[in-house]
Amino acid sequence: MTQEQINFPPEKCFHIKGGRISVTTLELTHYDYRGFNDQLSQAVGAAPQLFEQMPIVLGLEKLAPEAFVDFIEICQICQFHGLTPVAIRGGTPELQTAAAVAGLTSLPAQSRRAARNAEPEAETPQVEAIAPRAEAQSAPQEAPPPARSSRLITTPVRSGQQVYAQGGDLIVMAPVSAGAEILADGHIHVYGPLRGRALAGIQGDTDARIFCQSLEAELVSIAGHYRINEDLRGGLWRSAVRIGLSNDQLQIEAL
Amino acid sequence: MAEIIVVTSGKGGVGKTTTSAAVGTGLALRGHRTVIIDFDIGLRNLDLIMNCERRVVYDFVNVINGEANLNQALIKDKRVENLFILPASQTRDKDALTMEGVQRVLEELSQTFNYIVCDSPAGIEHGALMALYFADRAIIVTNPEVSSVRDSDRILGILSSKSRRAETGKDPVREHLLITRYSPERVANGEMLSIADIEDILSVPLLGVIPESKSVLRASNEGVPVIHDQDSDAGQAYSDAIGRFLGEERALRFTTVAKKGLLQRMFGGRE
């Protein structure tokens with residue numbers, strides 16, 4: 001074999017590019033095993049799909065100077081809840097060394113100016129869940145996109161009528177008659193008997209849910225997965241139920 | 001300015017024309033100048049129920065087409081002062097009803113009448129739409145039976161979206177539920193929907209309950225609106241309904257199973 005045949009230049013394995021990504025940060029104020037585990041459990045429980053496989057950064061700027069953090073333990077708790085810690089931000093040199101042992105890189109501390117301009121701290125896990133999603137789509141300083149609009153219906157939805165809440169949730173505060181059809185891109189709430197057809201998540205949102213005070217529906221569907229009247233007449237017929245999609249199966253539970 | 005009332009149901013044969021005749025007569029008996037219009041072009045029967053079929057010269061379609069004026073077409077009722085009938089055409093079809101024509105006739109009638117009762121045909125097509133379009137109030141006639149309730153629900157939906165009041169954003173049409181051919185015995189047996197069942201499905205305020213009664217057939221064959229027969233249960237129930245329509249408080253009658261007295265039990269009850 002000649003040199004020419006073996007040594008053709010190989011295709012490059014990678015290109016080096018600079019860039020920015022937005023990532024969720026857990027800003028630690030203090031650390032104890034129980035407290036951290038419980039709070040994280042609650043936050044993830046409120047929006048499980050959102051937090052699955054999420055990369056996170058542990059912000060240490062707010063910790064007291066002499067605080068001790070067991071990074072190996074924190075990483076274990078995070079991974080148990082489906083989060084992947086990738087780095088720490090800020091912190092004393094001791095903390096940075098301890099983090100390196102646990103496999104976390106150190107990012108520079110957030111400047112005071114950046115801290116002032118950042119999203120305001122959220123009180124509830126729900127709000128926390130929406131802000132990171134917005135961040136993922138735009139640069140950190142931009143305003144988050146407008147919240148999903150919902151449509152409110154207060155008069156009965158009669159047989160033959162069709163109501164479609166495009167781009168949001170549908171809330172009906174009256175009966176939905178047999179022969180009526182209610183549809184939404186998001187969730188559907190019926191504060192009354194649901195006797196017609198309800199189709200939630202019709203653009204494909206598998207997280208959409210249906211809630212009603214009395215299940216008497218002709219058909220319910222979430223993101224195309226449906227069940228008809230005959231198959232709904234189980235123990236929860238005519239009860240207050242919530243319907244969700246899990247593994248492509250409709251789950252019906254009592255409210 | 002007249003109040004326009006549509007008597008409609010969706011389902012056929014539930015008692016719209018019987019009710020239109022009874023309501024029109026009842027309002028006129030209370031002293032209000034009232035006209036009843038038959039919107040069932042081609043299948044007219046209001047004139048039969050009111051016993052004026054022998055006096056029809058011109059009809060609703062003639063007036064719309066300008067072939068006759070209202071004074072020539074309106075028929076004065078022989079029994080009740082203040083009551084007039086505008087019959088439908090039997091030979092034309094419902095396309096003869098135009099929106100502009102109907103509006104013109106109703107506006108002209110509004111100037112001299114207190115109440116205009118529109119007797120709607122069955123269904124949800126053009127004739128029924130024309131009858132309900134200009135309504136201020138609606139009486140939805142329903143039998144205690146599943147298909148009638150379903151059709152009434154459909155017509156309620158149409159009233160709330162395709163009436164002039166709905167399209168121009170005015171106050172919605174005032175809806176009233178009138179249950180007809182009600183039999184308390186069959187409800188007790190579970191054969192018939194109860195008042196509570198119907199109210200639950202339709203969510204419309206109840207105007208009245210008219211019991212199943214032989215007097216209704218007799219009345220229509222004789223051409224005397226049943227409200228004149230104050231000995232009959234149906235006649236009395238219609239009077240109660242008129243009272244409630246005009247704002248009076250009246251208890252519901254003829255809705256519970258009548259207890260048979262000793263003599264009735266021994267010799268058989270009479271209906």
Side-chain angles (χ1 to χ4, degrees), chain A residues 149-166 170-184 188-199 202 210-220 228-233 236-241 255, chain B residues 6 8-12 14 120 122-126 128-129 132 135 137-163 165-167 169-177 193-206:
Chain A
S149 61
S150 24
R151 217 173 138 184
L152 180 68
I153 308 279
T154 53
T155 51
V157 185
R158 303 265 178 206
S159 186
Q161 290 182 327
Q162 197 187 57
V163 182
Y164 174 34
Q166 197 169 25
L170 179 63
I171 304 169
V172 183
M173 294 173 60
V176 176
S177 297
E181 237 176 52
I182 54 176
L183 308 99
I188 293 179
H189 302 253
V190 180
Y191 296 113
L194 172 60
R195 301 193 176 111
R197 291 157 60 117
L199 294 86
I202 61 172
I210 299 175
F211 306 85
C212 65
Q213 276 189 340
S214 175
L215 179 64
E216 301 172 41
E218 290 174 330
L219 181 145
V220 294
I228 55 173
N229 182 290
E230 243 179 16
D231 302 325
L232 291 168
R233 287 184 184 254
L236 289 170
W237 182 250
R238 290 193 170 217
S239 322
V241 298
L255 259 185
Chain B
V6 63
T8 186
S9 68
K11 188 107 173 58
V14 297
S120 172
I124 49 174
E125 299 304 312
H126 185 70
L129 287 175
L132 66 83
R137 293 169 82 164
I139 299 177
I140 288 86
V141 183
T142 310
N143 282 358
E145 175 260 320
V146 291
S147 34
S148 176
V149 173
R150 178 75 68 96
D151 291 358
S152 291
D153 195 53
R154 185 80 177 91
I155 206 86
L156 279 163
I158 293 176
L159 264 171
S160 64
S161 58
K162 291 199 186 157
S163 59
R165 280 173 172 269
E167 287 179 358
K170 293 209 195 110
D171 288 339
V173 177
R174 271 179 68 187
E175 298 155 349
H176 305 275
L177 174 65
L193 289 175
S194 69
I195 299 170
D197 290 335
I198 301 172
E199 282 183 303
D200 182 42
I201 298 172
L202 293 180
S203 313
V204 169
L206 184 65

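Letters go in sequence order (proteins before strands), and every chain restarts at 1. A quick note: this is a predicted structure, and the numbers were derived from the prediction, not measured.
In terms of heavy-atom pairs under 4.5 angstrom with chain B, the leader among A:Pro156, A:Ala180, A:Ser177 is A:Ser177. In terms of non-hydrogen atom pairs under 4.5 Å with chain B, the most contact-rich of A:Ala174, A:Gly179, A:Pro175, A:Ala178 is A:Ala178.
If you measure heavy-atom distances from B:Ser160 to chain A, the contacts under 4.5 Å come from the side chain alone. Interface remark: B:Asp200 contributes backbone and side-chain atoms alike to the contact with chain A (heavy atom separation under 4.5 Å).
Of the charged side-chain nitrogens involved, at least one lies within less than 4.0 Å of a carboxylate oxygen, so that A:Arg195 and A:Glu216 count as a salt-bridged pair.
A side-chain contact (heavy atoms from CB on, under 4.5 Å) with A:Cys212 is found for one member of A:Val220, A:Val190, A:Val176, A:Val172 and no other, namely A:Val190.
Between the side chains of B:Ser194 and B:Asp197, at least one donor-acceptor pair of N or O atoms lies under 3.5 Å.
Minimum heavy-atom separation, A:Leu170 to A:Ile182: CD2-CB, 3.6 Å.
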